[in-house]
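Numbers for residues simply follow the sequence, beginning at 1. All figures in this text were calculated on a predicted structure; none of them were measured in a lab.
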Amino acid sequence: NGTTVYRHDADIDLVDPTEDGPLAFSVASESATAAFELKLKINGENPDFSIQARDGVDATISHRGHTMNLWEFFEQEPPTFWFADGSSLTGIEHVTLRTQPLPFPKERIQHWNWTGTKIRTESQGIERNPESIQHRVIAELKKRKFSIIFDDDDHGEAADVVAIAEEDDHIAMEFWHCKFAMGDKPGARIKELYELCGQAQTSIRWLEKPRDLFSHLLRREPRRYKGKEGTRYEVGTEKDLLRIREKADVQPVRLRAFIVQPGLSIAEVSKEQLELLAVTENYLKETFAVPLEIVGSEK
């Protein structure tokens with residue numbers, strides 16, 4: 001339909017993931033979505049793979065001065081699928097963990113009192129819904145001293161909330177990833193953690209080029225939705241963000257990642273959930289030495 005979508009406004013998402021179902025994914029923005037599937041096959045006697053469009057959408061990508069079909073691009077640059085046991089698949093390259101990390105200690109899961117928050121409502125939206133999980137996270141962050149608190153929620157986000165503090169010798173950054181609960185009460189539903197853990201693992205790649213992260217945030221302002229417009233800055237301004245971007249050229253950026261799931265009950269948490277959190281923490285530590293913290297519910 002001729003819609004142009006920029007990278008900073010798009011996500012790569014899994015499509016209906018199951019243990020034994022197809023390896024399907026989509027490239028999605030507010031205005032357009034294209035779905036694909038990675039298929040494994042034998043080519044002669046050699047293992048091979050292909051990327052197939054699932055929905056008939058004629059999606060193309062402009063990459064390094066060339067325009068090509070998006071499925072063709074993914075055959076050249078296949079996405080990486082991460083599994084709950086920490087293994088990954090990129091094309092036909094399957095990598096497993098040498099050792100399985102110990103389950104995440106449940107005593108390290110923080111619990112908040114979620115009174116006044118609808119745990120099935122994730123985003124505060126342009127209206128800044130005070131009953132949303134994201135609004136509650138921002139309220140907690142405002143109790144601390146940050147130069148920037150930024151609502152980055154939407155397709156293409158680095159995190160639902162990005163908080164930045166200026167220390168003497170470094171820039172301290174926090175990525176807060178939030179997800180709504182699938183039930184009215186906390187429990188041990190592992191599906192509530194899959195997307196969150198994936199977001200946390202993907203987001204730390206911004207540390208490869210921190211300046212690109214600040215440019216990403218600058219491009220995202222203002223937030224637009226159905227003809228309405230509002231600022232994404234909860235604390236700080238564009239001027240503050242530009243100043244910090246310049247400082248990031250000479251000071252290291254240190255990141256901490258947070259997963260917020262009020263549907264995660266500390267009292268009922270399952271072994272599978274703790275193993276998934278441990279795999280995620282292990283990945284964050286081994287790639288960029290990023291600490292991981294978890295927020296759930298006590299009961």
Side-chain angles (χ1 to χ4, degrees), residues 11-25 37-41 47-49 77-111 158-160 174-183 186-208 254-299:
D11 284 324
I12 298 180
D13 297 318
L14 288 172
V15 175
D16 300 325
T18 59
E19 287 189 4
D20 53 3
L23 294 170
F25 63 98
E37 184 176 336
L38 181 146
K39 287 184 174 287
L40 300 174
K41 60 184 182 180
D48 201 356
F49 75 95
E77 302 285 347
T80 297
F81 291 84
W82 289 91
F83 303 102
D85 63 358
S87 65
S88 64
L89 178 69
T90 306
I92 59 169
E93 185 179 352
H94 184 242
V95 179
T96 58
L97 294 180
R98 287 191 296 272
T99 56
Q100 197 71 15
L102 294 172
F104 192 90
K106 70 177 183 178
E107 59 271 15
R108 280 183 50 203
I109 301 174
Q110 304 171 38
H111 58 83
D160 291 285
E174 296 183 2
F175 280 177
W176 288 76
H177 304 278
C178 319
K179 195 68 183 173
F180 62 88
M182 293 179 175
R189 299 172 290 265
I190 193 166
K191 283 187 176 182
E192 293 178 337
L193 291 180
Y194 280 136
E195 188 173 339
L196 275 170
C197 289
Q199 288 173 340
Q201 292 187 35
T202 303
S203 68
I204 66 169
R205 290 296 173 187
W206 286 105
L207 284 178
E208 291 176 350
R254 297 178 187 168
L255 176 65
R256 295 165 69 202
F258 295 78
I259 284 176
V260 181
Q261 175 50 275
L264 173 62
S265 164
I266 297 174
E268 299 179 24
V269 64
S270 68
K271 180 172 178 282
E272 290 75 20
Q273 285 179 309
L274 295 174
E275 287 173 345
L276 177 58
L277 292 174
V279 163
T280 305
E281 179 178 50
N282 183 69
Y283 177 83
L284 267 58
K285 279 184 176 179
E286 289 200 350
T287 47
F288 290 102
V290 173
L292 176 67
E293 298 187 37
I294 314 296
V295 178
S297 297
E298 187 173 12
K299 297 178 180 179

Are any side-chain N or O atoms of [X] and backbone N or O atoms of [Y], one a donor and one an acceptor, separated by less than 3.5 Å?
| X | Y | result |
| --- | --- | --- |
| Thr90 | Glu93 | no |
| Gln273 | Leu193 | no |
| Asn282 | Pro101 | no |
| Ser203 | Ala200 | yes |
| Gln261 | Phe180 | yes |
| Gln100 | Asp85 | yes |

Considering all heavy atoms, the nearest [X]-[Y] contact:
| X | Y | value |
| --- | --- | --- |
| Ser297 | Pro262 | OG-O, 2.6 Å |
| Ala159 | Phe175 | CB-CB, 3.8 Å |
| Lys106 | Val269 | CD-CG1, 3.8 Å |
| Pro186 | Leu264 | CB-C, 4.4 Å |
| Ala257 | Leu284 | CB-CD2, 3.7 Å |
| Tyr194 | Leu276 | CD2-CD2, 3.7 Å |

### Query
Could you give all pairs that pass the ring-ring contact (aromatic ring centres under 6.0 Å, His included) test and reach residues 272-299, with sequence neighbours left out?
Trp82-Tyr283
Point-to-point distance, once rounded to the nearest 0.5 Å, from [atom1] of [X] to [atom2] of [Y]:
| X | Y | atom1 | atom2 | answer |
| --- | --- | --- | --- | --- |
| Glu281 | Glu286 | CD | CD | 11.0 Å |
| His177 | Gln201 | NE2 | CD | 10.5 Å |
| Lys179 | Glu195 | NZ | CD | 3.5 Å |
| Thr280 | Ile294 | OG1 | CD1 | 7.5 Å |
| Asp13 | Gln199 | CG | CD | 8.0 Å |
| Lys299 | Ser265 | NZ | OG | 10.0 Å |

### Query
Are any of the side-chain heavy atoms of Ile259 and Cys197 separated by less than 4.5 Å?
yes
### Query
Looking at side-chain heavy atoms only, is the closest gap between Leu14 and Phe81 below 4.5 Å?
yes
### Task
Can you tell me which residue pairs pass the salt bridge (charged side-chain N to carboxylate O under 4.0 Å, His left out) test with a partner in residues 261-278, sequence neighbours excluded?
Lys271-Glu275
